[in-house]
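Here is the structure we will look at, set down as C-alpha cells.
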Amino acid sequence: MRVSVDRDRCEGNAICVKYAPAVFELDDDDYSVVKLDPVPQAEWENGRKAVAECPRAALTLDE
C-alpha cells in the first residue's frame, strides 16, 4: 500500500499524524509527509483511517 499527500490541499491539521504516526509526520512548513513508502502491512489499518479522516481529502491511497 502507498499513500501520497496533495500539498495543495493539505492544511497541516495533523489528523493523519494522530491516526498513523508511524506513517506520517509534519515537515518544517507544517505539511504532512509520508515517512514510510510503501506502508508496511502492520500500518495499513492506521493508514486507511488517516486517509478517511483527513478533513481536506489531501491523502490518496493506492493499494
Side-chain angles (χ1 to χ4, degrees):
M1 176 172 106
R2 295 180 184 274
V3 291
S4 59
V5 179
D6 181 343
R7 289 182 61 96
D8 292 332
R9 296 186 69 99
C10 181
E11 291 181 333
N13 293 311
I15 301 297
C16 55
V17 176
K18 173 185 172 184
Y19 287 112
V23 179
F24 299 97
E25 66 185 358
L26 296 183
D27 66 11
D28 292 338
D29 296 321
D30 287 331
Y31 289 104
S32 179
V33 293
V34 178
K35 295 177 6 179
L36 300 173
D37 185 33
V39 177
Q41 189 169 4
E43 291 294 325
W44 285 9
E45 184 176 335
N46 294 336
R48 286 186 186 106
K49 180 71 172 172
V51 170
E53 296 297 324
C54 179
R56 296 284 297 147
L59 307 175
T60 304
L61 179 66
D62 181 22
E63 295 190 58

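- Interatomic distance, Asp62 CG to Arg2 CZ, rounded to the nearest 0.5 Å: 8.0 Å.
- Ser4 places a side-chain heavy atom less than 4.5 Å from the side chain of Thr60.
- With sequence neighbours left out, the side chain to side chain contact (heavy atoms under 4.5 Å, CB included) criterion links Asp8 to Asp6.
- Residues that satisfy the side chain to side chain donor-acceptor pair (under 3.5 Å) test with Asp28, not counting sequence neighbours, are absent from this structure.
- Counting Ile, Leu, Val, Met, Phe, Trp and Tyr side chains that sit under 4.5 Å apart, directly or through other members, Leu36 stands alone, with no cluster partners.
- The salt bridge (charged side-chain N to carboxylate O under 4.0 Å, His left out) analysis of residues 9-23, with sequence neighbours excluded, yields the pairs Glu11-Arg56.
- The side chain to side chain donor-acceptor pair (under 3.5 Å) check on Asp27 picks up Arg7, with sequence neighbours excluded.
- A search for side chain to side chain donor-acceptor pair (under 3.5 Å) contacts involving Gln41 returns nothing, not counting sequence neighbours.
- Hydrophobic cluster membership for Met1: Val3, Val5, Val17, Val23, Phe24, Leu26, Val34, Val39, Trp44, Val51, Leu59, Leu61 (Ile, Leu, Val, Met, Phe, Trp, Tyr linked by side-chain heavy atoms under 4.5 Å, directly or transitively).
- Of all the heavy atoms in Ala20 and Ala50, the pair that sits closest is CB-CB, 4.2 Å.
- Residues satisfying the salt bridge (charged side-chain N to carboxylate O under 4.0 Å, His left out) criterion with Glu53, sequence neighbours excluded, are Lys49.
- When each of Pro21, Cys10, Ser32 is tested with Cys16 by the rule side-chain contact (heavy atoms from CB on, under 4.5 Å), just one qualifies, namely Ser32.
- Listed by chain and residue number, nothing satisfies the side chain to side chain contact (heavy atoms under 4.5 Å, CB included) test with Glu45 (two or more places apart in sequence, or in another chain).
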